[in-house]
Amino acid sequence: MSSEAVILIVQVIAAFGVVVSVVYLGVQIRQQNEITKAQFGQHLTERLYERYFESSKDAEFASFLASDWSDEQLDTTESYRIMHFIMMCLVDVFDTYEKVESGMVEEKHLNIRMRNLKLSIMKTGLGKLVWQHWKQNQTTEFVEWFEAEIY
């Protein structure tokens with residue numbers, strides 16, 4: 001066998017090895033993306049479950065959540081607590097929306113959060129006030145989508 005034939009065979013084997021390596025790398029990247037996506041989804045679910053758990057174990061927190069947030073006679077402390085709870089919910093929605101848009105989590109995570117906000121939290125005076133403040137930090141696309149969903 002001539003040296004040219006040997007070189008040709010080595011080059012073919014090397015090219016095949018490169019192709020196999022690239023395919024293997026692609027499979028590994030895809031698997032890592034799926035793992036990362038699942039981890040983000042798990043993290044979002046844990047945050048929501050933690051809130052549910054807190055409301056079931058803490059009588060004061062449950063009472064706070066059950067109070068009439070549209071009451072005009074809320075004292076300053078109650079209003080402050082309510083506004084910060086609404087801010088926490090909005091930040092959670094912002095974060096989840098971004099992850100859905102980037103394909104990192106499934107849309108169901110966003111839908112759960114939006115259903116909770118649609119229960120009337122965002123229709124209270126304090127909810128509208130907090131939204132007016134926070135919407136300035138969001139894209140026009142998000143603001144239009146959010147307002148169409150809530151209002």
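Here the structure is a predicted model, which is why all the values come from computation and not from measurement.
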S.K.: Does L44 belong to the same Ile/Leu/Val/Met/Phe/Trp/Tyr cluster as Y52, with side-chain heavy atoms less than 4.5 Å apart forming each link?
M.R.: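 No.
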
S.K.: Heavy atoms only: give me the nearest S55-A62 pair and the separation to one decimal.
M.R.: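 S55 and A62 have their closest heavy atoms at O-CB, 3.2 Å.
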
S.K.: Search all heavy atoms of F142 against all heavy atoms of V93 and return the closest pair with its distance.
M.R.: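 Smallest heavy-atom distance, with atoms named: CZ-CG1, 4.0 Å.
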
S.K.: Taking T96 as the fixed residue, which of R113, M104, E107 is the one that meets the side-chain contact (heavy atoms from CB on, under 4.5 Å) rule?
M.R.: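 Among R113, M104, E107, the one that satisfies the side-chain contact (heavy atoms from CB on, under 4.5 Å) with T96 is R113.
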
S.K.: Just wondering, do F85 and L65 contact through their side chains at under 4.5 Å, heavy atoms?
M.R.: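 Yes; the side chains approach each other to less than 4.5 Å.
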
S.K.: Does H84 use its side chain to pair, donor to acceptor, with the backbone of Y80 at less than 3.5 Å?
M.R.: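 It does hold such a pair.
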
S.K.: Are Y151 and I86 linked, directly or through other ILVMFWY residues, by side chains that come within less than 4.5 angstrom of each other?
M.R.: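 Hydrophobic grouping puts Y151 with I86.
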
S.K.: Given 3.5 Å as the limit, does a donor-acceptor pair link the side chain of Q136 with the main chain of Q132, or not?
M.R.: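 The answer is yes, because a donor-acceptor pair under 3.5 Å joins these two groups.
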
S.K.: Just by distance, do the side chain of W69 and the backbone of M83 share a donor-acceptor pair under 3.5 Å?
M.R.: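 Absent.
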
S.K.: Indicate yes or no: at least one non-hydrogen side-chain atom of F94 is less than 4.5 angstrom from one of N137.
M.R.: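 Counting from C-beta outward, F94 and N137 never come under 4.5 Å.
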
S.K.: Under 4.5 Å between any side-chain heavy atoms of D95 and F40, yes or no?
M.R.: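 Contact flag for D95/F40 side chains = no.
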
S.K.: Do M114 and I150 have side chains that approach each other closer than 4.5 Å (heavy atoms only, starting at C-beta)?
M.R.: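 Side-chain contact under 4.5 Å: yes.
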
S.K.: Flag the pair E101 / Y97 as yes when at least one side-chain heavy-atom distance between them is below 4.5 Å, and no otherwise.
M.R.: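 Yes, close enough: below the 4.5 Å cut-off.
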
